[in-house]
S.K.: 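One structure, pasted below without further comment.
A, B, ... follow the sequence lines: proteins, then strands. Residue 1 opens every chain.
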Amino acid sequence: MKIILAVAAKDIKEAFRNRSTYIYIAFLFLISFPTLEGLRTAFGRAGQGASDAALESTSRAFLRATVSTLPLTLTMLFCTYLSAYAIVLEKAKRTLESLLATPASLRQVWMGKTLAVAVPSVAATVLVLIVAVIVLNVGVIVPRTGSFVLPDALSLITGLVLVPLLAFEVVAAVSVLQLIVSNPRVANFAFVAVFFGFYLMTVTQLAAHWDFSLIYVAVLAAMAAVNLALSRLLTKERVILSSKA
Amino acid sequence: MAQPALSLSHVNKKLGTRPVLRDVSFDVAHGDIFGYLGPNGAGKTTSIRVLLGLLRPDSGVVSVLGQDVSVDANRKRLGFVLESDGLYENATASDNLAYYASIYGVSQPTQRIDEILSLVRLKDRAHDRVSAYSKGMKQRLALARAMLHNPDALVLDEPTAGVDPSGQIELREIILDMAHEQGKTILLSSHNLDEVQRVCNRIALIDRGVIRLYGKLDELQRSMGGGEVAVETTVPVTDSVLTELLEQPSVISAERRANTVVIGLNKERMDVPGIVSMLVGRGVKIEQVRRKEATLEEIYTTILKEAEGR
């Protein structure tokens, strides 16, 4: 565990040494703004004379969809950026080869790098999510209903437990691919695909009535199987030979 | 017989369909400074990667300090500098070493980092980013990282490549200090034949995946020497002495160069004492007799030419 944490801590430190990381976090806040407009549209659809109770119900449904989809959108976007530090750059600069010649096992390195990408991404996302809920309330919900509406418990569990777990699983799978393929950037398309899918769902409220908690639990199980299969492909030889410039 | 510190025994390795190592065997004894030579693409880096457990041999046995190197924990007593220095350029020297100290589980890391940075003369630059370092400084830092956990054996893949002459001298001094003062076993892969000749006691020469030459450097130099003897005299020898020398059955050539006579001898019948007696008998006053040994460059060129002819 010590080695896993050492690898993760180094990578996180390395990423946060760079100013562009902070710009990226600011960008995460920026792209969550359209949700504000999304809620106004939902209120518009509810009608001008809708009761406070109806608007609160609309707000709750909106927050449920937002809390279920927005975190994964933002997490994947940040993962794309952070994984460049954790694996892509290390392979290109051949620092990974030196790390693998130490007593660190490949699995420890894999887990360390997965944590280094997943943990800051989830942390930044949770921060953005908290701010988004406050802004939605202060900007739209409270002026119209007079009360502060919070997402329901299931949404919170989905957003704060299932999404981080799912992010970890996706990052782990992408990390294996980045470690063993000769063009690790290609693996990033997995992040980008998830990001766009969930971003569309967030801004269009396309999946407002879906039960994401169940979907995520099913995907988590599937991703665990995928990671188990992928981990069998993980050998030092594959990593070294795919690191050739 | 004591177990070797590093050993490759009948190792074969293909990369794709191309055989890169063919029945490669060599041992590095404890305390040796072992020079590993060969042209580009000969298989040196692949051998080193196999030795460090980064590549798995298709067949053969690899052992490091008597242990199976494919077991991750067994690499704890091994230090290395790879072809690429493997340093994090945006981090400081201290941060680079602190990271590896945590990987190796070094006790009292701060104190050890200070010690090791002093040893490689980088203590005053400990908090500078590595990106600001010269090539020589980076290589010294890579050596510091290799020694951080006080390993018993070190594998150094071209540690002086791209370093200026004064930097090379500094690195050489550190390597010699590691071997002689700290008793480390060192495998040194290098293209710099002069460097290998200065520091190594044993060598192996690999070419196209095959070990062409392997043994103690001084023995190889003697056995592959040109069979020449240089005799330094107080005054130049006379023409008659030179003629008489050429009449000796073991002498092939004799050439006068100021106060030195360079005598080419038949390798099968090298009678140096007989030659010296003859010269003394002719009243020649001898100051020094030196047997000319082959230089590593001569050995390297000869072996590679022979291999090309096969």
S.K.: Using a heavy-atom distance cut-off of less than 4.5 Å, which residues of residues 71-99 of chain B contact chain A?
M.R.: B/Asp72, B/Ala73, B/Arg75, B/Lys76, B/Phe80, B/Leu82, B/Ser84, B/Asp85, B/Gly86, B/Leu87, B/Tyr88, B/Asn90, B/Ala91, B/Asp95, B/Tyr99
S.K.: Does anything in residues 125-148 of chain B reach chain A? List residues with heavy atoms under 4.5 Å apart, or say none.
M.R.: B/Arg129, B/Arg145
S.K.: With a strict 4.5 Å heavy-atom criterion, list every residue of residues 95-110 of chain A that contacts chain B, or say none.
M.R.: A/Thr95, A/Glu97, A/Ser98, A/Leu99, A/Leu100, A/Ala101, A/Thr102, A/Pro103, A/Ala104, A/Ser105
S.K.: Within a 6.0 Å radius of atom CZ on A/Arg17, are there more than 12 heavy atoms belonging to other residues, nucleotides or ligands?
M.R.: yes
S.K.: Side-chain donor-acceptor contacts of residues 1-13 of chain A below 3.5 Å, not counting sequence neighbours, with atom names and distances?
M.R.:
{"unit_1": "A/Lys10", "atom_1": "NZ", "unit_2": "A/Glu90", "atom_2": "OE2", "d": "2.8"}
{"unit_1": "A/Asp11", "atom_1": "OD1", "unit_2": "A/Lys113", "atom_2": "NZ", "d": "3.3"}
{"unit_1": "A/Asp11", "atom_1": "OD2", "unit_2": "A/Lys113", "atom_2": "NZ", "d": "2.7"}

S.K.: Hey, could you give me the CD1/CG distance between A/Ile240 and B/Leu15, rounded to the nearest 0.5 Å?
M.R.: 11.5 Å
S.K.: Mark yes or no for whether A/Glu237, through its side chain, and B/Leu55, through its backbone, hold a donor-acceptor pair below 3.5 Å.
M.R.: no
